[in-house]
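Structure, as C-alpha cells:
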Amino acid sequence: MIILGEDSQRMKDRDAQSHNISAAKAVAESVRSTLGPKGMDKMLVSSMGSITVTNDGVTILEEMDIDNPTAEMIVQVAETQEDEAGDGTTTAVSIAGELLKNAEDLLDQDIHPTAMIKGFHLASERAREEVDNVAHEIDPEDTELLKQVAETSMTGKGAELEKEALAELVVNAVQAVTVETDDGEQIVDLEYVHTETQTGRSASESELFDGAVVSKNPPHDDMPLDVEDASVLLTDEPIEVEETDANANLQLDSPDQLQDFLDKEEEQLRNKVETIADAGADVVLCQKGIDDLAEHFFAKEDILAISRVNSSDMSFLREVLEAEIISDIDALEPSDLGSANVEYGDEALFYIEGTGEESHGVTLLLRGSTDHVVDELERGIGDALDVVAQTVSDGRVLAGGGAVEVEVARRVREYADSVSGREQLAVESFADALELVPRVLAENAGLDSIDTLVDLRAAHDDGHETAGLNVFTGEVVDTFEAGVVESAHAKQQAISSATEAANLVLKIDDIIAAGDLSTEGEEDEGGAGGMGGMGGMGGGMGGMM
C-alpha cells in the first residue's frame, strides 16, 4: 500500500540519525573557528551583495542561507542563547555539535538513543549544579569585576582593541539603568540603554550620555540650536500640507484662484505651527516630514523643529522625556509635552537630556572608522551589555579560559561512576564534550590542543579550580585572578540549550518530507567540515565557507 506522495522522501533509523547528526555537526563546525580571543572572523555576503564581517555566532548562523530542517534546529540553539543570556552562542552550538559527534560513536557501539538521551539529561543537570558550586558570588556594585566581565565578553570581537574604555562605558550604562527592588533584588532594564553609531572616528572616542542622541543636521539657519529647560513635542503626524485621499484635478480660470489655493495651503501650515506654539513647545521632534514653509514658520516662532526622526529614537525619547507621541496635533495639550535640555554638538548630533523627575535612559554613542567596523563594534557592545546586565541580576561569575569547562567535566566524570547502565557511557561522553571549549580555544590560538588539555586536567586534579588557558602565552594560569571572568547564567544556559538540542536530534529516527530534502552531496563524507557534505544546507552554506 502506497500512502506517501510521489515527491515525498523518507529516511529511517540509522540513515535518519546519520543525516541529522551530520547536519548538526556541520553547523557547529562552521562557527567553531570564531571561538575565543584568537577566533577568526567570517565574511558573509548576502544575495543582494551586502557584506557582513563578524565572529558573532548567532549573526553568522542567522545570515547563512541554511536549507536543512535539522540545521535550522541547531540555529535555534544560538537564537535561544542570544535571547536568554546575550552571549555564549558559539559555545552553545559547538557543545551541541560535539555531543552529537560523541553520540555517533555511541551509536556505533549499539547504545540505544533513549539511553543516551537519559544520560545526557542526567549529565546536564549535574553540570548545571556544578556550575553553581564553582561560581563566585559578587557584589553587583563591584565595578572592577563587572568591567572584567565586559572585557571578557568583548575579547576577540571588534571591540577588543579599545576594550578597557568600552568596558567602562558598558558598566556605567548598566548601572545607570539598574534599580533595586524592595526585597533587595537588582533589576536591569536594558530598554533604557540606547545605542547610536557614527563613522569617521576611533572606537576610543565612543561616549556615554544621559538622555538621547539624535543624529541630524540643523534644519534651518534661523532656528535655535541650544535650548535650556525646553518643552518638547514628540509627534508622528507630518507637518505638511494635507493631501486628499482621492486624486483630484483643479481647473483654474485666473491667477487669483491659484493664489487663493496657495494661500489656503500656507494658512493650513501656519495653523499647525501656531497650535504647537500656543501649547508652549520649544522643540519639535517629528517622525515624519516637515514642510520647508513650516520650518520657516517654526523659525519665526523661535522653535527648533527636527524632522524624519527614526522610530526607534522616538520610542526611546518617549521614555527620556516622559512625553507621549502625539498623532493629532489639533488635539495637542500642554500636558502632552516633555521637558529636556537640548544641545547641538559639532558633528550633526543633538543631545537631549530629560529634566523630569522620572526621566531615565542613557545613550551609548559608538564610533568607528567604517560602517563594517562600527557594525561589529555594536554587536560586541550589545553582547557585553547583556552579559553585564545578567551578571548584575544573577550575582554569579566564573573563571573563563576553559577553566569552568574542565572543572565541571572532571566532576561530571566522577558523577558518572555512580550512574548505572549504559547511561554511564553517555555521561562520560557529555564530560568529553564540555572539554571541547578549551580544546578549540587552544586550536584557534595555534596551540597544541592535546597538550593544553593534559596540562589543564593536571592542574584541576591538583585542586586548582580556576586554572584556565592563557591563549596569548599558551600557559595554564589562574584565569579568575587574570581577569578572564564569565557569566554563570550564560554558561548554564549554554549547557542547557546544547543538551536539549542534541537530545531533540537524537530522538528522531524517521524523516518524512513532502518534497526535496536538499540532500545532494551528503554521501561526500569529507565535505562536512567545509559545509559541502552538509546534506540539506544546499548551496547557501556550501558556498559561504
Side-chain angles (χ1 to χ4, degrees), residues 212 214-311 313-318 320-345 348-356:
V214 176
S215 179
K216 288 290 178 181
N217 287 308
H220 194 284
D221 291 341
D222 295 331
M223 284 184 184
L225 297 181
D226 301 327
V227 187
E228 291 286 330
D229 196 22
S231 295
V232 184
L233 167 66
L234 302 178
T235 180
D236 56 7
E237 178 184 347
I239 306 176
E240 299 173 329
V241 175
E242 295 179 6
E243 297 182 0
T244 58
D245 293 334
N247 292 328
N249 293 320
L250 297 179
Q251 184 174 348
L252 304 176
D253 297 326
S254 68
D256 291 340
Q257 289 180 321
L258 175 60
Q259 187 60 47
D260 287 342
F261 183 77
L262 295 175
D263 288 345
K264 286 291 185 184
E265 287 189 337
E266 180 179 329
E267 182 181 356
Q268 190 180 84
L269 290 173
R270 189 189 300 274
N271 288 339
K272 282 192 175 185
V273 173
E274 286 179 352
T275 299
I276 292 170
D278 291 344
D282 303 307
V283 177
V284 177
L285 299 170
C286 182
Q287 188 173 330
K288 304 289 180 61
I290 299 178
D291 193 278
D292 291 343
L293 185 57
E295 287 185 353
H296 168 71
F297 292 143
F298 277 125
K300 290 182 67 175
E301 295 283 352
D302 205 30
I303 295 174
L304 171 61
I306 303 173
S307 63
R308 308 290 179 189
V309 179
N310 293 334
S311 59
D313 289 342
M314 291 291 287
S315 300
F316 184 62
L317 284 162
R318 180 180 181 176
V320 170
L321 304 177
E322 301 175 75
E324 292 300 319
I325 299 176
I326 304 302
S327 298
D328 184 5
I329 291 176
D330 292 333
L332 178 64
E333 297 289 338
S335 59
D336 296 327
L337 305 179
S339 57
N341 293 324
V342 180
E343 181 182 349
Y344 179 69
L349 295 173
F350 283 94
Y351 303 105
I352 303 171
E353 182 181 358
T355 55

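All figures in this text were calculated on a predicted structure; none of them were measured in a lab.
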Problem - Test item: Y351 and V342 side chains (from C-beta on) under 4.5 Å apart, heavy atoms - result: no

Handout entry: Euclidean distance, I326 CD1 relative to Q287 CD, rounded to 0.5 Å
Key = 13.0 Å

Exercise for the section: Give, for atom NZ of K288 and atom CD1 of I239, the distance between the pair rounded to the nearest 0.5 Å. Expected result: 11.5 Å

Problem - Heavy-atom side-chain contact between L269 and F297 under 4.5 Å - result: yes

Practice task
Flag the pair I303 / V284 as yes when at least one side-chain heavy-atom distance between them is below 4.5 Å, and no otherwise.
Solution key: yes

Handout entry: Heavy-atom pair of closest approach, residues A305 and P219
Key = O-CG, 3.0 Å

Problem - N271 side chain vs Q268 backbone, donor-acceptor pair below 3.5 Å - result: no

Exercise for the section: Check for a donor-acceptor pair, side chain of K300 on one end and backbone N or O of D222 on the other, with a separation under 3.5 Å. Expected result: no

Completion exercise
S339 meets the side-chain hydrogen bond (donor to acceptor under 3.5 Å, both in side chains) criterion, sequence neighbours left out, with T355

Problem - Distance-minimising heavy-atom pair for F350 and L304 - result: CE2-CD2, 3.8 Å

Problem - Shortest non-hydrogen contact from E240 toward D291 - result: CG-N, 3.7 Å

Practice task
Could you tell me whether a side-chain N or O of S231 sits under 3.5 Å from a main-chain N or O of D282, the two making a donor and an acceptor?
Solution key: no

Handout entry: Nearest-0.5 Å distance, CD1 of residue I329 to CD of residue E274
Key = 13.0 Å

Completion exercise
dist S215:OG -> N310:CG (nearest 0.5 Å) comes out at 8.5 Å

Handout entry: Criterion side chain to side chain contact (heavy atoms under 4.5 Å, CB included) against L337, the qualifying member of V232, L332, L321
Key = L332

Practice task
List in chain and number order the residues that pass side-chain hydrogen bond (donor to acceptor under 3.5 Å, both in side chains) with D313, two or more places apart in sequence or in another chain; answer none if no residue qualifies.
Solution key: H194

Problem - Distance in Å, R270 CZ paired with H296 NE2, rounded so as to fall on 0.5 Å steps - result: 7.5 Å

Problem - A323 versus G338, closest heavy-atom pair with distance - result: CB-N, 3.5 Å

Practice task
Say whether, by atom type as modelled, one donor and one acceptor occur between the side chain of N341 and the main chain of E353 under 3.5 angstrom.
Solution key: no

Problem - Side-chain heavy-atom pair P238, I290 within 4.5 angstrom cut-off - result: no

Handout entry: Note, I276 side chain near F298 side chain (heavy atom, < 4.5 Å)
Key = yes

Exercise for the section: Can you measure from CD1 (I352) to CG (L317) and round to the nearest 0.5 angstrom? Expected result: 5.0 Å

Problem - E324: salt bridge (charged side-chain N to carboxylate O under 4.0 Å, His left out) partners, not counting sequence neighbours - result: R318

Handout entry: Side chain proximity check, E343 to E228, heavy atoms < 4.5 angstrom
Key = no

Exercise for the section: Kindly indicate whether the side chain of E237, heavy atoms from C-beta on, has any atom under 4.5 Å from the side chain of S327. Expected result: no

Exercise for the section: Return yes if some donor-acceptor pair links the side-chain N/O of K272 with the main-chain N/O of D330 below 3.5 Å, else return no. Expected result: no

